[in-house]
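Note that these values count all heavy atoms, side chains included, but never hydrogens, waters or copies made by symmetry. Chain A is the first sequence line, chain B the second, and so forth, proteins listed ahead of strands; every chain is numbered from 1.
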Amino acid sequence: MGMFERDTEIYRNRDALREDYQPDELVGRDEELERYKTALQPVINGEQPNNIFLYGKTGVGKTAGTRFLLDHLIEDAAQYEDIDLTVKMLNCDGLSSSYQIATRLVNKFRADSNQISTTGYPRATVYDMLWSELDDCGGTVIIVLDEVDHIEDDSILYQLPRARANGNLSEAKIGIIGISNDFSFRDNLSPKVKSSLCEEELQFPAYDANELIKILSQRAQVAFHEDVVDDGVIELCAAYGAKDAGDARQSLDLLMKTGDLARDYDTDTVTDDLVRDAREELERGRIREGISGLTQHGHLVLYALLTLEQQGETPVRSRDIRPRYTSFAEQVGVDPLVPRRMRDHLGELSMLGIISAVERNEGRRGGTYREYSTDMDVGMILKALEETVEQVGIHESVSEMVDQETTLSEYT
DNA sequence: GTTCCACAGGAATAGACGGGCA
DNA sequence: TGCCCGTCTATTCCTGTGGAAC
């Protein structure tokens, strides 16, 4: 027998569970796509396209829906001789200024051999280059700015929709599609930008469990061989996904992890139990990753909360976490942070989903405050902390402290 | 309706640090 | 090497906020 043996293969096409997989049909977004389609209709009519602003949380099909519709739009527009449609998509992640967006856009229109540098030109020159590229291109041009909330200044969002009205363009008709998962971004736009960019606003709500089931079934059918996936697996993945954030990406990851576990265990069926294992595994990974990105003080704040949790003192408000945190900080020989900064760390921890916060309000008697607790297994987080944090001294001091505290509390 | 509590969290600012560059 | 710049952490000061108490 050889050293390598082929796995019992449950997958037909594992890639179908990946985020970037494009199914032939987009399920679960019927209403949204219908409205989106209506908003794009002017393109086919040969009119000036609407500017569209699209918002919704991560993993609710904004980008996938846009790709899907625009692909069809390009295909259908080709049937009309008087329409010359160009679509350019730009992901603004990692780009912070209008200047950077403008240079990237110019390069999108130019050949690889003719790219411009992303620094060095006066802003007005870059804009002029952009206008001439757009005019050379002519016809209808749709520019999709994904994650548009990463841009910190309005300039390009103001200039682009008005380029034609301002006489910078004579040939091209421009339509902007802005995609954002930050709801407050829209409100923070200056009124003049808001009115032009947000002519059509589309909101993509989170997926509910039924929609997730549809999506997962569709993908699973392609991804797995027949009769490999037990009844209930899909439903369970969807239920977890709907409970957490209504995020399709997350549910798909869970399903894929479950399949991977089944493959690793050499079983030929994907079962409910594996879903639970996979979820724990993903959770562990997420927590480890979150913890590794924290500063020393973040770790100390987390330790403080964890030890309080172990003693049954949670949920606990930040001012009651502080003494514990302060003594931990002293134990490891660092100055404790001011309360304001400590709250930042607590906020960061709850953003990462490692701890949870509930806002409480006792009015004139007690004002508003937040109560923190961990909604996960403390042992698991502690283990992740020990694995991730190499800082000498912390664990020893903390476990010493915990021992003291627990012995103390045993006597009281 | 007004007041007021105690915190939430935004804004301005400073210092440390690291990478790119002449 | 020193300089510049952007990023990250932390501090200080501040305004905002929801609902119980008045």
Side-chain angles (χ1 to χ4, degrees), chain A residues 57 91-104 107 115-123 126 147-156 180-191 194 288-305 308-309 313-375 385 388-394:
Chain A
K57 294 197 183 126
N91 190 312
C92 306
D93 188 21
L95 309 174
S96 59
S97 65
S98 290
Y99 185 92
Q100 290 175 321
I101 303 296
T103 58
R104 297 314 189 281
N107 284 338
Q115 301 272 295
I116 63 167
S117 160
T118 56
T119 54
Y121 300 100
R123 171 183 273 196
V126 176
E147 309 199 43
V148 67
D149 47 306
H150 287 73
I151 312 177
E152 280 160 21
D153 65 289
D154 286 3
S155 161
I156 190 102
S180 165
N181 51 32
D182 180 3
F183 290 91
S184 61
F185 176 74
R186 196 196 81 97
D187 300 328
N188 293 337
L189 287 171
S190 66
K194 202 191 288 184
R288 240 200 303 274
E289 200 178 311
I291 285 176
S292 68
L294 297 173
T295 64
Q296 185 190 19
H297 286 290
H299 295 138
L300 291 172
V301 171
L302 182 55
Y303 267 127
L305 184 69
L308 287 167
E309 172 98 21
E313 311 259 326
T314 52
V316 56
R317 60 201 294 178
S318 72
R319 85 171 166 203
D320 295 328
I321 299 174
R322 194 170 162 72
R324 177 66 53 88
Y325 155 75
T326 315
S327 61
F328 279 164
E330 277 161 10
Q331 296 252 336
V332 297
V334 295
D335 291 335
L337 299 174
V338 294
R340 172 71 185 88
R341 185 62 186 144
M342 202 189 83
R343 285 206 302 274
D344 277 345
H345 282 295
L346 285 168
E348 198 178 339
L349 285 166
S350 63
M351 279 280 290
L352 290 167
I354 298 174
I355 68 176
S356 60
V358 180
E359 193 165 274
R360 308 246 299 137
N361 193 334
E362 289 183 63
R364 199 173 175 174
R365 184 148 48 89
T368 43
Y369 56 90
R370 298 189 151 204
E371 283 188 331
Y372 298 90
S373 53
T374 65
D375 44 11
L385 269 167
T388 325
V389 185
E390 289 140 25
Q391 189 104 35
V392 274
I394 293 192

Using nucleotides 10-12 of chain C, report all nitrogen or oxygen pairs with the protein that are shorter than 3.5 Å.
residue : atom : partner   : partner atom : Å
dA10(C) : OP2  : Arg341(A) : NE           : 3.4
dA10(C) : OP2  : Arg341(A) : NH2          : 3.2
dA10(C) : OP2  : His345(A) : NE2          : 3.1
dT11(C) : OP2  : Val338(A) : N            : 3.1

With sequence neighbours left out, write down each residue that passes salt bridge (charged side-chain N to carboxylate O under 4.0 Å, His left out) with [X], or none if nothing qualifies.
X: Glu289(A); value: none
X: Arg317(A); value: none
X: Arg341(A); value: Asp344(A)
X: Arg370(A); value: Glu359(A)

* Sequence neighbours left out, what passes side-chain hydrogen bond (donor to acceptor under 3.5 Å, both in side chains) with Glu348(A)? Give chain and number order. =>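 With sequence neighbours excluded, Glu348(A) shows a side-chain hydrogen bond (donor to acceptor under 3.5 Å, both in side chains) to no residue whatsoever.
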
* Asked: Who are the side-chain hydrogen bond (donor to acceptor under 3.5 Å, both in side chains) partners of Arg364(A), not counting sequence neighbours?
  ->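 With sequence neighbours excluded, Arg364(A) shows a side-chain hydrogen bond (donor to acceptor under 3.5 Å, both in side chains) to no residue whatsoever.
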
Apply side chain to side chain contact (heavy atoms under 4.5 Å, CB included) to [X] and list each qualifying residue two or more places apart in sequence or on a separate chain.
X: Arg360(A); result: Tyr369(A), Glu371(A)
X: Asn361(A); result: Thr368(A)
X: Thr295(A); result: His297(A), His345(A)

Pairs under 3.5 angstrom, nitrogen or oxygen only, protein versus nucleotides 15-20 of chain B, please.
none

* For DNA chain B, what residues of residues 358-371 of chain A have any heavy atom nearer than 4.0 Å? ->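 Residues of residues 358-371 of chain A under 4.0 Å from DNA chain B: Gly363(A), Arg364(A), Arg365(A), Gly366(A), Gly367(A), Thr368(A), Tyr369(A), Arg370(A).
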
* To do: Indicate the atoms forming the closest heavy-atom contact of Leu346(A) with Ile355(A), along with that distance.
  =>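 Closest pair (atom of Leu346(A), atom of Ile355(A), distance): O-CD1, 3.6 Å.
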
* Length of the CD-C1' vector between Glu348(A) and dG9(B), whole Å ->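 Spelled out: CD on Glu348(A) to C1' on dG9(B) is 14 Å.
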
